[in-house]
Amino acid sequence: MNERKSIVLIIMDGLGDRPSGKLNGQTPMESAYMPNFNRLARRSLCGVMHPFHNGITCGSDTSHLSILGYDPEKYYTGRGPFEALGLGMKVNPGDIAFRANYGTRDENIITDRRAGRITKNTSELSSSISMKVDDIEIEVASGVEHRAALVMRGKNLSDKISDTDPHHAGKAVVDPEPLDPSGERTSMLLKKYLVKSREILNDHPFNLDLRSRNLPEANELLLRGAGVVPELENFGVKYNLNPAYIIGIPMIKGLAEMVGMKEIKVKGVTGSTDTNYNGKVRSIIENLHKYNFILVNIKATDVAAHDRDPLLKRHVMERIDEAIEPLSEIMDKTLVIFTGDHTTSSISGEHTGDPVPIMFASDSILVNPAEKFSEHACMKTGFSIRGLDVMNYAMQITERQEKYGA
Ligand code: ZN
Ligand code: ZN
């Protein structure tokens with residue numbers, strides 16, 4: 001039997017965009033000099049991909065779930081777990097995770113939900129209020145400014161818990177109440193925890209210092225968006241593949257870990273626009289004898305668009321184009337899929353619900369060429385799929401799929 005082709009899935013985060021006045025009415029992809037992408041587009045299966053349902057604007061968490069074949073409607077349980085993954089926290093199925101803010105409390109009134117958008121790193125506060133309460137472990141980790149996440153680890157926990165964040169300054173802090181009877185134990189544990197954490201935060205040198213300088217204290221951890229960490233089927237088992245990943249951003253890295261992919265470490269992978277593009281591509285090629293599925297996330301495209309910088313996004317696309325040149329040499333044995341997880345507009349700086357260009361590139365496959373790799377050219381081919389079908393196509397093209405029927 002022929003050896004089946006390996007699969008490389010390259011997700012350029014926030015890939016697609018909209019026409020920009022700064023680029024003479026073109027999108028960053030259209031205006032970029034991309035000889036490699038454009039040559040591939042003329043011999044590949046090109047089209048667009050709707051990360052979730054048509055026209056739905058996705059976050060990177062839901063779109064990656066979908067593209068990897070995990071239906072967000074079934075597995076997405078709220079932002080808490082993904083926020084925790086994003087801070088590099090370990091989470092296990094059944095754990096409960098919250099998004100959190102350090103806020104300022106005066107008696108029981110929240111006077112500032114962001115503790116004056118505190119700039120000093122709050123890690124020492126977070127470790128001081130990470131503790132055991134009865135039989136469960138509570139861990140808090142800090143993000144940038146006032147942001148944090150809280151994970152509860154243990155048995156019989158529930159995410160049916162109300163926010164403690166009043167969502168408006170000037171309102172009283174709210175107790176974490178059960179939203180249904182399953183949340184009673186979790187609510188009791190959290191209330192106990194919050195009493196202890198307030199005592200610690202009140203007397204913490206970090207806050208004593210702020211108090212002495214008359215600055216808003218970070219004396220209340222406000223919780224919201226409780227979610228239970230979902231049990232995701234192991235990706236390698238689900239598709240009978242030996243999967244690995246090259247990813248710089250913690251949230252997506254955490255997701256890849258959760259589904260059991262192995263990490264390929266590449267020097268200089270930053271999750272930003274200065275990342276090591278060539279190193280990523282070299283590592284793909286070097287590791288294809290070990291793994292038959294490699295997931296790559298390049299965050300730089302999304303970063304440039306969030307910065308509302310279409311010229312930077314164009315530059316990033318040109319850098320990626322240069323880097324992918326060696327991939328054309330492995331297409332006899334590999335299927336390379338180029339796409340994004342969602343589109344990000346470099347005009348508004350926000351994700352959009354536009355479909356994302358997608359290209360399946362490999363030798364000897366059915367093709368639907370596009371004149372170039374861009375939003376409009378890919379739409380014109382008429383080929384359109386859902387995020388949840390990307391892996392189906394990959395499995396089918398590489399002749400791995402089991403027959404549906406007799
Ligand atoms: Zn994204
Ligand atoms: Zn984004």
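As the structure lists them, so they are numbered: ligands from 1, and atoms in each ligand from 1.
- The atom of Asp302 nearest to the Zn ion (ligand 2) is OD2, with the search restricted to N, O or S atoms.
- The angle that Asp13 OD1 and Ser60 OG make at the Zn ion (ligand 1), rounded to 10°, works out to 130°.
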Next on the checklist: Is there a side-chain contact (heavy atoms from CB on, under 4.5 Å) between Ile365 and Val367? Walk through the geometry before answering.
Outcome noted: CA-CA 6 Å; Ile365 64 166; Val367 298; 4.3 Å; yes

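- Not one N/O/S atom of Thr344, from backbone or side chain, sits under 2.8 Å from the Zn ion (ligand 1).
- Taking the six-membered ring where tryptophan is involved, the planes of His306 and His351 are tilted, since the angle between them lies from 30° to 60°.
- Between the Lys372 side chain and the Glu30 main chain, a donor and an acceptor come within less than 3.5 Å of each other.
- Angle subtended at the Zn ion (ligand 2) by His306 NE2 and His351 NE2: 100°, rounded to 10 degrees.
- The main-chain N or O of Asn101 is never found under 3.5 Å from a side-chain atom of Asp165 such that the two would form a donor-acceptor pair.
- Residue Cys58 does not count as close to the Zn ion (ligand 1), with no N, O or S atom under 2.8 Å.
- Around the Zn ion (ligand 1), the two atoms NE2 of His342 and OD2 of Asp341 are separated by an angle of 100°, to 10 degrees.
- Using a 4.0 Å cut-off between a side-chain N of Lys or Arg and a carboxylate O of Asp or Glu, Glu371 and Arg42 do not qualify as a salt bridge.
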